[in-house]
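In what follows, a structure is listed as structure tokens, so that the remarks can point back to it.
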Amino acid sequence: MAGATPSKRAAPDSNTLQPAKKTHWSQGLLASMNDPNLVVESDDRIVIIKDKYPKARYHFLVIPKLNFPNLKSLKREQSELLHYMEDQSRLLATKYPQVEFRYGYHAIPSMSQLHLHMISQDFDSPCLKTKRHWNSFNTRYFLDSADVIRCLEERGMVVTMTPIAGEKLLDQPLKCHKCVYSPQNMPKLKQHLYKHINN
Ligand code: AMP
Ligand code: ZN
């Protein structure tokens with residue numbers, strides 16, 4: 001602009017070393033969707049990756065390619081996508097005929113970008129360490145895919161729970177998912193779980 005005082009700050013040229021753009025850890029799934037070491041299936045709509053910190057022997061995440069941050073961002077028209085995500089995960093499960101899986105969503109996820117957990121029910125993994133880990137997959141905090149889809153179709157939105165209700169579930173006493181055993185701590189639960197695994 002004529003007469004304007006030139007800016008004292010030099011514009012960065014393309015060779016200027018810029019600090020690496022740091023993304024928040026909660027965005028990590030976006031990078032993992034392109035990580036060939038993690039991707040197991042991919043098509044034009046979804047990517048299936050191995051969970052980087054698996055909480056069971058088989059733990060996959062089914063992630064849509066379109067940007068949906070979480071369950072709350074879905075509208076009724078996305079129920080077809082959720083069906084597709086579950087169908088594709090069940091298709092992957094046919095490769096593991098001996099393995100029992102559950103398919104669902106954390107009510108209050110920590111990672112951004114919608115992801116369906118497909119997790120084997122052995123819960124035999126060194127990454128499964130805390131009561132919160134356990135309860136996130138073994139209380140009402142884990143929403144079955146079928147229930148999420150039904151809610152979306154009936155109400156036009158996915159109703160989850162308040163953060164306070166979520167915290168209560170994560171803090172519940174430990175309870176085995178296969179029997180009445182209520183262990184005092186995670187090491188006892190993990191030891192007990194081997195009784196239910198038929199290798
Ligand atoms: P949540 O958001 O609670 O539904 O769970 C996020 C899941 O993503 C957890 O099971 C983590 O182990 C997994 N996870 C965290 N970071 C990454 C990553 N960068 N790549 C793949 N999986 C991840
Ligand atoms: Zn048990």
Side-chain angles (χ1 to χ4, degrees), residues 22-42 46-65 67-74 82 85-86 89 92 100-145 147-148 158 160-161 163 165-167 169-199:
K22 278 200 178 162
T23 50
H24 192 258
W25 58 263
S26 63
Q27 304 294 318
L29 295 186
L30 299 175
S32 295
M33 287 169 77
N34 296 308
D35 181 343
N37 293 318
L38 294 178
V39 173
V40 291
E41 300 282 350
S42 176
I46 58 153
V47 180
I48 306 183
I49 63 170
K50 289 185 214 161
D51 193 294
K52 207 168 177 177
Y53 312 100
K55 307 302 186 294
R57 289 183 185 174
Y58 304 90
H59 186 181
F60 302 100
L61 303 174
V62 185
I63 309 173
K65 286 190 171 170
N67 177 33
F68 295 106
N70 50 43
L71 290 172
K72 284 189 194 153
S73 62
L74 302 178
L82 297 198
M85 289 165 64
E86 183 181 331
S89 56
L92 177 60
E100 179 192 359
F101 286 101
R102 274 187 81 192
Y103 310 86
Y105 300 85
H106 279 153
I108 302 171
S110 53
M111 301 297 283
S112 185
Q113 185 61 356
L114 183 68
H115 50 279
L116 168 76
H117 290 267
M118 167 184 174
I119 185 162
S120 62
Q121 295 301 292
D122 50 83
F123 293 103
D124 177 22
S125 166
C127 294
L128 182 86
K129 292 179 178 153
T130 67
K131 180 158 88 165
R132 290 174 75 86
H133 288 159
W134 177 259
N135 282 340
S136 75
F137 289 102
N138 291 289
T139 65
R140 287 184 296 103
Y141 196 90
F142 191 73
L143 309 172
D144 270 315
S145 171
D147 294 335
V148 169
V158 181
T160 56
M161 61 186 60
E167 282 303 311
L169 288 170
L170 294 179
D171 201 34
Q172 273 187 9
L174 291 170
K175 156 99 180 56
C176 176
H177 64 325
K178 296 275 187 194
C179 74
V180 295
Y181 181 57
S182 297
Q184 281 162 350
N185 54 43
M186 281 302 287
K188 285 186 178 166
L189 174 60
K190 292 186 69 130
Q191 189 58 39
H192 169 84
L193 289 176
Y194 288 112
K195 291 187 182 166
H196 296 295
I197 297 175
N198 326 302
N199 291 299

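Positions are given from 1, in the same order as the sequence printed here. Ligands are counted one by one from 1 in listed order, and the atoms in each one are counted from 1 as well.
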Closest non-hydrogen atoms of Glu86 and Ser145, given as atom of the first, atom of the second and distance, are OE1-OG, 2.6 Å
Examine Lys50 against ligand 1 and note whether any of their N/O atoms are separated by less than 3.5 Å. no
More than 12 foreign heavy atoms under 6.0 Å from NZ of Lys129: is that the case here? no
Quick one, Tyr194 with Asp124, criterion side chain to side chain donor-acceptor pair (under 3.5 Å). Give me CA distance, side-chain angles, the key distance, then yes/no. CA-CA 8 Å; Tyr194 288 112; Asp124 177 22; 3.1 Å; yes
Numbered atoms of ligand 1 (with element) below 4.0 Å of Leu61, judged on heavy atoms: 8 (O), 22 (N)
Of the backbone atoms (N, CA, C, O) and the side-chain heavy atoms from C-beta on, which set of Asp35 has a member under 4.0 Å from an atom of ligand 1: side chain, backbone, both, or neither? neither
Looking at every heavy atom in both His196 and Cys176, which two are closest together, and how far apart are they? NE2-SG, 3.4 Å
of all protein heavy atoms, closest to atom 7 (C) of ligand 1 is Asp51 OD2, 3.5 Å
Calculate the angle formed at the Zn ion (ligand 2) by SG in Cys176 and NE2 in His192; 10° precision is enough. 110°
Given the rule in the ring-ring contact (aromatic ring centres under 6.0 Å, His included) test, do Phe137 and His117 qualify, once you have shown the distances and angles that lead to the verdict? CA-CA 9 Å; Phe137 289 102; His117 290 267; 5.2 Å; yes
Grab the two heavy atoms, one from Lys55 and one from Ser125, that are nearest each other, plus how far apart they are. C-CB, 3.6 Å
Is it true that Ile108 lies under 4.0 Å from ligand 1, counting heavy atoms only? no
Give a yes or no on whether the backbone of Leu128 and the side-chain of Lys190 come within a donor-acceptor separation of less than 3.5 Å. yes
Looking only at protein heavy atoms, which one is nearest to atom 19 (N) of ligand 1, and how far off is it? Ser32 OG, 3.3 Å
Could you tell me whether Met111 and ligand 1 have an N or O pair separated by under 3.5 Å? yes
Which value, rounded to 10°, describes the NE2(His196)-the Zn ion (ligand 2)-SG(Cys179) angle? 120°
How far apart are the closest heavy atoms of Gln121 and Ile119, and which atoms are they? NE2-O, 3.1 Å
Taking backbone and side chain together, does His177 place any N/O/S atom at a distance below 2.8 Å from the Zn ion (ligand 2)? no
Atoms of ligand 1 close to His59 [distance to a heavy atom under 4.0 angstrom, numbered from 1]: 10 (O)
Can you report which non-hydrogen protein atom sits closest to atom 3 (O) of ligand 1, along with the distance? His106 ND1, 2.8 Å
